[in-house]
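Here is the structure we will look at.
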Amino acid sequence: MKPAAFDYHRPAGTAEAVRLLSDLGDDAKVIAGGQSLLPIMNMRLAEPAHLVDVTGIAELRQTTVDASGARYGATTTHMRFEYQLVPDVTGGLLSRMAAGIGYQAIRNRGTVGGSLAHSDPSAEWPTVMAALDAAVHVLSVRGMRRVPVRDLLLGFFSTALEPDELIVDVEVGRLPASTRWGVCKTARKPGEFAESLAVALMEHDATPRIRQPRLWLGAAADTPVRLAGTERLVEGHDVDAVTADDLVVPIAADLGADPGAGDPAARYVLHLHAVTVHRALRAVHEEVSDE
Ligand SMILES: Cc1cc2nc3c(=O)[nH]c(=O)nc-3n(C[C@H](O)[C@H](O)[C@H](O)COP(=O)(O)OP(=O)(O)OC[C@H]3O[C@@H](n4cnc5c(N)ncnc54)[C@H](O)[C@@H]3O)c2cc1C
């Protein structure tokens, strides 16, 4: 199918973009890479009368870096993170996450701001940016505001953005050298959205001990979930002493699910999450032991 007719606008700057969004109201949508919006429009699930294309705005492509971290322009593509064409202040975590998104053609056009604004709980950026406690800067005719990603993501395809607001950049704090990361994406085949997506952060330990873990799970609920109970369970244990099976019950508790559910499909999903989180935990220590 093809999308319904729309008027196309290509502002040269952010002030012009937010003025257009304000004037056009609910009839307008921002378009960046178009990798989520265009399929939806092709299926006629969205029929905006106006598209405001922000990819011509130089400011939205810029990255600024200082000692505390980086601000990545909203239209920075997944590909630029993947190939570290922008500085990675997380010691490779952003690059690794970007490389797992869809196919190369998707990564060439899709943007970090578009992914966060779309708020698909199976997508890479919402989970890793929540885990990193990143924040977006959001502009409208009323001014700029800073919104932590954890507050931005309200649910499945739902965010705290007003219809006339534009994500300008994503602020990511520099990961201390003492912090290590591991990730795991479980998908049916390469290029597909995650069935389960885990990000593990922890403090460096020369031993296989799990120290101060921060565990985040995507593709499990309407927004990324912090696995606080699971963190407490694994804290201080040797990674080799923890099995995926050990994680099923605490992950179920963190998700508010019943680990003893009679439904085999529900049990399978919990086990999948447990295996994915377990692999992310192990990945942290595999990285450390490679040094
Ligand atoms: C076949 C396929 C496979 C994919 N696989 C994956 C995958 O494995 N993992 C993954 O994470 N993603 C995947 N994606 C999605 C892809 O990453 C998209 O690029 C991304 O979700 C949206 O970014 P975009 O720049 O294309 O946004 P667009 O499609 O242009 O816009 C998406 C939404 O965000 C809004 N928006 C865009 N930019 C801004 C802004 N700066 N401020 C405010 N609102 C804005 C738009 O109005 C729209 O509502 C896949 C997509 C396809 C088509």
Side-chain angles (χ1 to χ4, degrees), residues 1-3 30-46 55 61 72 74-86 88 90 92-132 134 149 153 155-157 159 167 170 172 181-200 216-225 244 265 268-284 286-287:
M1 282 181 69
K2 295 292 170 209
V30 173
I31 185 164
Q35 299 303 298
S36 297
L37 183 57
L38 287 179
I40 291 171
M41 288 175 62
N42 285 343
M43 288 185 276
R44 306 273 173 125
L45 296 173
T55 56
R61 291 194 297 272
Y72 299 102
T75 59
T76 307
T77 58
H78 312 325
M79 179 274 287
R80 291 186 67 77
F81 286 101
E82 176 183 10
Y83 293 107
Q84 299 194 331
L85 300 177
V86 289
D88 189 336
T90 64
L93 173 55
L94 298 178
S95 167
R96 171 66 195 277
M97 289 307 276
I101 297 174
Y103 307 97
Q104 190 66 61
I106 308 290
R107 299 195 290 274
N108 288 347
R109 297 197 70 89
T111 68
V112 64
S115 178
L116 291 172
H118 192 55
S119 187
D120 184 331
S122 302
E124 265 78 351
W125 289 131
T127 300
V128 73
M129 292 302 182
L132 291 167
V149 168
L153 305 169
F156 192 71
F157 296 166
T159 69
I167 297 177
V170 188
V172 180
W181 55 264
V183 299
C184 181
K185 173 178 183 173
T186 306
R188 283 173 199 270
K189 60 177 180 152
E192 297 236 324
F193 275 99
E195 302 277 311
S196 181
L197 181 67
V199 176
W216 283 79
L217 186 62
D222 283 357
T223 56
V225 180
Y268 164 79
V269 168
L270 276 177
H271 194 75
L272 190 72
H273 290 316
V275 168
T276 306
V277 172
H278 186 246
R279 288 181 181 171
L281 273 172
R282 292 197 67 85
V284 179
E286 278 154 21
E287 183 211 5

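Starting from 1, each residue takes its place in the sequence as its number. Because the structure is predicted, anything quoted here is derived from the model rather than measured.
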When rounded to the nearest 0.5 angstrom, what distance separates [atom1] in [X] from [atom2] in [Y]?
{"X": "Arg44", "Y": "Lys2", "atom1": "CZ", "atom2": "NZ", "result": "10.5 Å"}
{"X": "Ile167", "Y": "Thr75", "atom1": "CD1", "atom2": "OG1", "result": "11.5 Å"}
{"X": "Arg109", "Y": "His78", "atom1": "CZ", "atom2": "NE2", "result": "11.5 Å"}

Indicate yes or no: at least one non-hydrogen side-chain atom of [X] is less than 4.5 angstrom from one of [Y].
{"X": "Val225", "Y": "His273", "answer": "no"}
{"X": "Leu85", "Y": "Met79", "answer": "yes"}
{"X": "Thr186", "Y": "Val275", "answer": "no"}
{"X": "Leu94", "Y": "Val86", "answer": "no"}
{"X": "Pro3", "Y": "Leu38", "answer": "no"}

Got a donor-acceptor contact below 3.5 angstrom from the [X] side chain to the [Y] backbone?
{"X": "Arg61", "Y": "Thr55", "value": "yes"}
{"X": "Arg279", "Y": "Ala274", "value": "no"}
{"X": "Ser119", "Y": "Gly155", "value": "yes"}

At their closest point, which heavy atom of [X] faces which heavy atom of [Y], and how far apart are they?
{"X": "Pro224", "Y": "Leu153", "value": "CD-CD1, 3.8 Å"}
{"X": "Phe156", "Y": "Asp120", "value": "CE1-OD1, 4.5 Å"}
{"X": "Ala194", "Y": "Leu197", "value": "CB-CB, 3.9 Å"}
{"X": "Glu124", "Y": "Met97", "value": "CG-O, 3.5 Å"}
{"X": "Gly218", "Y": "Thr127", "value": "CA-OG1, 3.3 Å"}
{"X": "Phe193", "Y": "Lys185", "value": "C-CE, 4.1 Å"}

* Kindly determine whether Trp125 and Phe81 satisfy ring pair (Phe, Tyr, Trp, His ring centres under 6.0 Å), including the steps that lead there. => CA-CA 11 Å; Trp125 289 131; Phe81 286 101; 4.8 Å; yes
* Pair Arg80-Tyr72, side-chain contact (heavy atoms from CB on, under 4.5 Å): steps then yes or no -> CA-CA 11 Å; Arg80 291 186 67 77; Tyr72 299 102; over 6 Å; no
* Applying side-chain contact (heavy atoms from CB on, under 4.5 Å), run through Leu93 and Leu132 and close with a yes or a no. => CA-CA 10 Å; Leu93 173 55; Leu132 291 167; 3.9 Å; yes
* Walk me through it: do Met129 and Val112 pass the test side-chain contact (heavy atoms from CB on, under 4.5 Å)? => CA-CA 10 Å; Met129 292 302 182; Val112 64; 4.0 Å; yes
* To do: Take Ile40 and His118 through the test side-chain contact (heavy atoms from CB on, under 4.5 Å) and record every step on the way to the result.
  => CA-CA 11 Å; Ile40 291 171; His118 192 55; 3.5 Å; yes
* Asked: If you draw a 6.0 Å radius around OH in Tyr103, do more than 12 non-hydrogen atoms from other residues or ligands fall strictly inside?
  ->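 More than 12 heavy atoms, drawn from other residues, nucleotides or ligands, come within 6.0 Å of this atom.
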* Asked: Can you list the residues that meet the salt bridge (Lys or Arg N to Asp or Glu O under 4.0 Å) rule with Arg107, with sequence neighbours excluded?
  -> Glu82
